[in-house]
Amino acid sequence: MKAQDNPPTDEIHALIDIKLTALVLEMEEAGWSAEDIAFAIDDVLRRKWLDQAEALRRARAAVPDDFVSDGHEG
């Protein structure tokens with residue numbers, strides 16, 4: 001993907017990369033291995049963010065495009 005194709009996505013990826021790089025370097029200086037840090041980041045993201053985000057994505061996909069709420073679902 002070229003940078004001009006999706007600037008907001010490219011920008012957020014660049015910012016996250018900068019922050020993760022700083023975190024990894026800081027933790028390596030504290031004695032942790034890059035491998036341990038990477039797996040810990042992956043684990044925390046999955047438990048706290050990715051599983052929930054994926055569930056929300058599936059729920060949105062299950063709702064018909066023409067659905068209109070009357071406020072009395074569920």
Side-chain angles (χ1 to χ4, degrees):
M1 177 184 301
K2 295 179 184 172
Q4 66 269 22
D5 289 344
N6 198 347
T9 300
D10 294 338
E11 181 179 0
I12 196 168
H13 286 184
L15 289 169
I16 290 170
D17 182 48
I18 290 167
K19 297 212 178 261
L20 284 174
T21 299
L23 174 63
V24 170
L25 291 174
E26 178 183 340
M27 294 189 73
E28 282 183 319
E29 288 176 8
W32 296 93
S33 74
E35 182 180 6
D36 288 342
I37 298 163
F39 283 118
I41 289 170
D42 180 69
D43 186 47
V44 170
L45 283 173
R46 286 187 191 287
R47 284 188 290 120
K48 291 194 78 174
W49 301 99
L50 293 176
D51 289 345
Q52 180 180 0
E54 184 59 34
L56 288 171
R57 181 179 285 173
R58 284 192 308 267
R60 280 189 216 105
V63 175
D65 289 338
D66 60 351
F67 176 76
V68 178
S69 172
D70 64 2
H72 297 284
E73 293 82 22

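Side-chain atoms are counted along with the backbone in the values below, which use heavy atoms only and exclude waters and symmetry mates.
With sequence neighbours excluded, the residues satisfying side chain to side chain contact (heavy atoms under 4.5 Å, CB included) with Glu35 are Ser33, Phe39. For Pro8, the side chain to side chain contact (heavy atoms under 4.5 Å, CB included) partners are Asn6, not counting sequence neighbours. In this structure Glu54 satisfies the side chain to side chain contact (heavy atoms under 4.5 Å, CB included) test together with Arg57, Arg58, sequence neighbours excluded.
Across Ile37 and Met27, no two heavy atoms sit closer than the pair CD1-CB, 3.5 Å.
No more than 12 heavy atoms of other residues, nucleotides or ligands lie within 6.0 Å of CD1 in Ile12, so this atom counts as exposed by the packing criterion.
With values rounded to the nearest 0.5 angstrom, Leu20 atom CG is found 11.0 Å from Leu25 atom CG.
Between His13 and Thr9, the closest side-chain pair of non-hydrogen atoms falls below 4.5 Å.
Note on Asp51 versus Arg47: no salt bridge recorded, every NZ/NE/NH1/NH2 to OD/OE distance being 4.0 Å or above.
Hydrophobic clustering of Ile, Leu, Val, Met, Phe, Trp and Tyr side chains at less than 4.5 Å, counting indirect connections, unites Ile16 with Ile41. Note on Val44 and Trp32: separate hydrophobic clusters, where clusters join Ile, Leu, Val, Met, Phe, Trp and Tyr whose side-chain heavy atoms are under 4.5 Å apart, directly or indirectly. Hydrophobic clustering (side-chain heavy atoms under 4.5 Å, transitive across Ile, Leu, Val, Met, Phe, Trp, Tyr) groups Trp49 together with Leu23.
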